[in-house]
Amino acid sequence: MTDQIKLDESWKTQLASEFNKDYMRNLKAFLQQQKQQGKTIFPRGKEYFQALNLTPLEQVKLVILGQDPYHGPGQAHGLCFSVKPGVPTPPSLKNIYKEMAQDLAIEQPSHGCLLPWAQQGVLLLNAVLTVEQHKAGSHQGRGWELFTDKIIEILNRSHDGLVFLLWGSYAQKKGAAIDRNRHLVLQSPHPSPLSAHRGFFGNGHFSKANHYLEQQGKKPVNWLLPQISEIDFDGAL
């Protein structure tokens, strides 16, 4: 089954056995059924594993956990919180930019494409990797959560000195098993407009993450996003 899946080799080696488990077979059947019924699923099939393909296992140094993909047309492309070029920046991402600008004294980006972060070792992982158009959370409980739990488990045991940014109760629950003795786990309320003022603003996560990475002898993340014309897409969209 894994022969048909376009997945970075470093991840495929670790995750191959998952694709042969019942939950993953059931998930595949569910997705095929949805498509046969004419339902529109986001992101595109080749982008389901985009976060893994853009950030190979050995390159991961920081993880941001999201919930599920954006469900509007043209938004999702496999990276949590990120949207394709030309798509308006969603409210939660606007708040992420506000905190980033305040924390690091840098300019807020004019677009919502986080591809340059992924290319620097920031794994932008949603807990659920697909969604039906206009139906938020429609693919929750179908098996993706087990798959992404496995990804977190792999990262937890195969790496040392990672940073995990867990924004909101959902991400915090999903990351509850991460070894705090081996990794830095930063938690705060979600950047959603409904909760950002309860402690997301002012959390200082971007500077704290970079300080920790430097302490671990790793290159800090350049959070300042370049203009769209300067991004190296190289087939990523």
Side-chain angles (χ1 to χ4, degrees), residues 40-43 47-48 50-51 55 62-118 122-142 144-145 148-149 151-152 163-178 184-210 221 223-225:
T40 301
I41 296 174
F42 297 131
E47 294 172 328
Y48 289 177
Q50 185 81 304
T55 314
L62 187 147
V63 183
I64 299 178
L65 284 183
Q67 193 159 348
D68 60 356
Y70 296 119
H71 54 84
Q75 290 183 300
H77 62 119
L79 305 178
C80 74
F81 292 108
S82 180
V83 291
K84 294 180 181 179
V87 177
T89 303
S92 291
L93 184 53
K94 283 184 178 179
N95 285 339
I96 290 172
Y97 286 170
K98 286 179 184 177
E99 171 55 27
M100 183 178 75
Q102 179 182 335
D103 184 18
L104 303 174
I106 58 176
E107 185 179 349
Q108 294 188 44
S110 59
H111 60 84
C113 182
L114 305 182
L115 178 66
W117 292 358
V122 178
L123 182 64
L124 297 164
L125 182 68
N126 275 317
V128 178
L129 301 186
T130 58
V131 69
E132 183 182 342
Q133 179 174 262
H134 300 317
K135 293 188 177 181
S138 51
H139 289 184
Q140 291 181 10
R142 293 290 181 172
W144 280 127
E145 293 92 341
T148 51
D149 279 347
I151 292 170
I152 294 169
V163 179
F164 290 85
L165 302 185
L166 307 183
W167 298 330
S169 58
Y170 184 93
Q172 289 159 21
K173 183 177 180 182
K174 191 168 182 69
I178 297 166
L184 176 64
V185 178
L186 297 174
Q187 301 186 166
S188 82
H190 194 274
S192 160
L194 299 174
S195 55
H197 292 280
R198 299 181 195 151
F200 177 79
F201 290 135
N203 65 23
H205 283 183
F206 300 98
S207 58
K208 290 175 183 175
N210 274 352
V221 177
W223 294 106
L224 179 61
L225 290 165

- Correct closest heavy-atom pair for H134 and P73 would be CE1-CD, 3.6 Å
- Message: The criterion is side-chain hydrogen bond (donor to acceptor under 3.5 Å, both in side chains); which residues satisfy it with S92, sequence neighbours excluded?
- Response: none
- Note on the structure: Output for pair (F81 CZ, I64 CD1), nearest 0.5 Å, gives 7.5 Å
- Item | All ring-ring contact (aromatic ring centres under 6.0 Å, His included) counterparts of Y97, not counting sequence neighbours | none
- Would you please name every residue forming a ring-ring contact (aromatic ring centres under 6.0 Å, His included) with Y70, sequence neighbours left out? none
- Message: I'd like to check the side chain to side chain contact (heavy atoms under 4.5 Å, CB included) partners of K135; sequence neighbours left out, ordered by chain and number.
- Response: E132, S138
- Q133, CD atom: more than 12 neighbouring heavy atoms under 6.0 Å: yes
- Item | Residues which pass ring-ring contact (aromatic ring centres under 6.0 Å, His included) with Y48, listed by chain and number, not counting sequence neighbours | none
- CG/N95 to NE2/H190 distance, rounded to the nearest 0.5 angstrom? 10.0 Å
- Shortest non-hydrogen pair, S82 vs L114, comes out as OG-N, 2.9 Å
- Audit row: I178, V63, side chain to side chain contact (heavy atoms under 4.5 Å, CB included) steps and yes/no: CA-CA 12 Å; I178 297 166; V63 183; over 6 Å; no
- Query: Under the side chain to side chain contact (heavy atoms under 4.5 Å, CB included) test, which residues partner T55, sequence neighbours left out?
  - Reply: V60, A118, L123
- Query: Out of curiosity, Q50 CD to L124 CG, how far, rounded to the nearest 0.5 Å?
  - Reply: 10.5 Å
- W144: what forms a side-chain hydrogen bond (donor to acceptor under 3.5 Å, both in side chains) with it, not counting sequence neighbours? T130
- Query: Once you round to the nearest 0.5 Å, how far does CD of E107 lie from CG of L224?
  - Reply: 7.5 Å
- Closest heavy-atom pair and its distance - L65, G175: CD1-N, 4.5 Å
- Query: Between P91 and P193, what is the shortest heavy-atom contact and its length?
  - Reply: CB-CG, 3.5 Å
- Query: With a 4.5 Å heavy-atom cut-off, do F206 and L186 have their side chains touching?
  - Reply: no
- Contacts of F201 meeting ring-ring contact (aromatic ring centres under 6.0 Å, His included) (sequence neighbours excluded), chain-then-number -> H197
- Which pair of heavy atoms, one from A76 and one from K84, lies closest together, and at what distance? O-CE, 3.5 Å
- Name all residues meeting the side chain to side chain contact (heavy atoms under 4.5 Å, CB included) criterion together with L194; count only those two or more places apart in sequence or in a different chain, and write none if there are none. S192
- Quick one: CG on D68 to NE2 on H139, what's the gap to the nearest 0.5 Å? 9.5 Å
- Contact list for residues 165-178, test side-chain hydrogen bond (donor to acceptor under 3.5 Å, both in side chains), sequence neighbours left out: T148-K174, D149-K174, W167-H205
- Message: Before you tell me yes or no, could you show the steps for V221 and V163 under side chain to side chain contact (heavy atoms under 4.5 Å, CB included), namely the whole-Å CA-CA distance, both residues' side-chain angles and the distance that decides it to 0.1 Å?
- Response: CA-CA 11 Å; V221 177; V163 179; over 6 Å; no
- Task: Spell out, as yes or no, whether a donor-acceptor pair under 3.5 Å connects the side chain of E99 to the backbone of G202.
- Result: yes
- Message: Ignoring hydrogens, what is the shortest heavy-atom contact between H111 and C113? Give both atom names and the distance.
- Response: ND1-N, 3.1 Å
- Look only at the side chain of K208 and the backbone of N203, and say whether a donor-acceptor pair between them is shorter than 3.5 Å. yes
- Got a second to check how far Q67's CD is from E145's CD, nearest 0.5 Å? 9.0 Å
- Residues in side-chain hydrogen bond (donor to acceptor under 3.5 Å, both in side chains) with Q187, at least two apart? R180
- By side-chain hydrogen bond (donor to acceptor under 3.5 Å, both in side chains) - contacts of S207 (at least two apart): D103
